[in-house]
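What follows is one structure encoded as structure tokens, with my remarks underneath.
In listed order, ligands and their atoms are each counted from 1.
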Amino acid sequence: MYFKKMNLGKKIAGKFFGKDIISVDQFEKIDIWLIFNIADVMLRSLKNKEKRKDLRGSLVAELFYQPSTRTFASFLTAALKLEADILPIHGMQAYSSAAKGESLEDTIRTIEAIGADIIILRHPDDYSSEIAAKFSQVPIINAGAGVKEHPTQALLDLYTILKEKGRLENLQVGIVGDLKYGRTTHSLAKLLAKMDKISFTFVSPPDLKMPLVILKKLKSQKVKFQEEEDIEKVISKMDVLYWTRIQKEWFEAESKLDFYEKIKNMFVLSPALLKKAKKDLVVMHPLPRVNEIKYTVDKDKRAIYFKQISYGVPIRMALLAAVLGKA
Ligand code: NCD
């Protein structure tokens with residue numbers, strides 16, 4: 001396991017070309033808007049069924065060491081829609097030479113030697129993307145690193161809020177569920193905090209609170225937040241509700257399954273609970289859902305978690321094109 005503190009990646013500062021995308025800490029407002037502008041162009045092409053060739057001749061590799069449906073498929077679709085050559089490898093943990101004990105460094109060097117121009121990586125270690133970036137000449141894109149970060153999800157989450165709420169400022173945002181192990185919540189809180197007049201309510205069981213480093217960061221940026229254990233008390237104030245799964249696999253890894261059983265049903269979103277919420281609320285979720293949102297919620301027009309997925313494709317098209325210098 002790599003838990004050594006390492007360089008968190010260079011600031012984007014308006015220039016994506018050749019950069020690793022490791023953490024939302026690399027982004028300032030201007031970088032977010034830049035990607036959204038490119039994503040708008042991509043979205044228009046997708047809607048008009050326009051053929052794009054931006055990445056013709058580039059080899060995009062995907063190395064996934066953890067389960068994934070959406071992130072894997074949406075990066076793959078993004079690459080295909082830009083006519084890239086693709087090298088998608090799922091199940092790395094079980095089927096690649098990692099199972100024989102090969103290090104991440106050597107695997108990354110291998111994929112680079114084969115000719116990848118960019119490597120999209122999902123891996124259980126918090127610092128996997130930094131390690132990979134250190135050993136590769138080509139850009140690494142973090143598609144989920146341990147419990148720490150999931151920057152491309154945060155970008156698509158902000159893009160979804162912008163498209164569905166019409167603004168990215170002056171929002172009451174409730175983030176609910178597993179805020180300790182939920183990497184999407186960490187990246188989302190940090191990225192959204194860069195916008196104006198955002199006020200967070202973090203709702204979780206006491207043992208699954210938002211990590212202190214993130215709370216400290218918000219405090220230093222003078223971003224308003226409160227911590228809560230009872231969603232019923234606060235739901236009526238929310239403009240955005242970001243619901244998340246209790247991350248069973250991390251409890252398993254730490255032999256805490258008994259604890260998981262105790263808390264797994266603490267936050268379940270139901271139509272009855274949603275009755276107390278604003279009419280123009282949006283309910284988001286990075287998915288997969290297990291049992292934390294009742295299926296009966298799906299027909300409520302405020303539930304936009306499936307639409308949210310669709311915004312991942314233009315965002316990832318924009319990122320791939322920008323990092324490969326083709327935007
Ligand atoms: C999430 C992840 O893998 O971090 N899913 C995703 O990428 N959309 C959230 C989860 O697994 O609960």
* Would you call the rings of Tyr159 and Phe36 parallel, tilted or perpendicular if under 30° counts as parallel and over 60° as perpendicular? -> tilted
* Region of Thr244 engaging ligand 1 - heavy atom pairs below 4.0 Å -> neither
* To do: Select the closest option to atom 4 (O) of ligand 1 among Arg289, Lys248, His285, Arg183, judged by heavy-atom distance.
  => Arg183
* List the closest protein heavy-atom neighbour of atom 11 (O) of ligand 1: residue, atom name, distance to the nearest 0.1 Å. => Arg245 NH2, 2.9 Å
* Asked: Hey, are Thr201 and Glu228 close enough side-chain-wise for a donor-acceptor pair under 3.5 Å?
  -> no
* Does Lys217 pair with Asp25 as a salt bridge, N-O distance under 4.0 Å? -> yes
* Report the residue from Ser128, Pro151, Ser129 that forms a side chain to side chain contact (heavy atoms under 4.5 Å, CB included) with Ile22. => Ser129
* Any N/O pair Pro288/ligand 1 closer than 3.5 Å -> no
* Structure fact -> The option among Leu287, Val147, Thr185 carrying the non-hydrogen atom nearest to atom 6 (C) of ligand 1 is Leu287
* Asked: Which heavy-atom pair separates Glu62 from Phe72 by the least distance, and what is that distance?
  -> OE2-O, 3.2 Å
* Asked: Hey, is ligand 1 close enough to Thr71 that some N/O pair sits below 3.5 Å?
  -> yes
* To do: Could you list which atoms of ligand 1 come closer than 4.0 Å to a heavy atom of Gln247?
  => 10 (C), 11 (O), 12 (O)
* **Test of ring centre spacing under 6.0 Å for Phe251 and Tyr260** => yes
* Where on Gln153 is there a heavy atom closer than 4.0 Å to ligand 1, on the side chain, on the backbone, on both, or on neither? -> side chain
* Among protein heavy atoms, which sits nearest to atom 7 (O) of ligand 1, and what does the distance come to when rounded to 0.1 Å? -> His150 NE2, 2.8 Å
* Distance to 0.1 Å, residue and atom name: give those for the protein heavy atom nearest to atom 8 (N) of ligand 1. => Pro286 O, 2.9 Å
* Asp196/Lys29 salt bridge by N-O under 4.0 Å criterion -> yes
* Any non-hydrogen atom of Arg122 lying under 4.0 Å from ligand 1? -> yes
* Asked: Can you name the closest pair of heavy atoms from Leu208 and Ile263 and give their distance?
  -> CD1-CD1, 3.3 Å
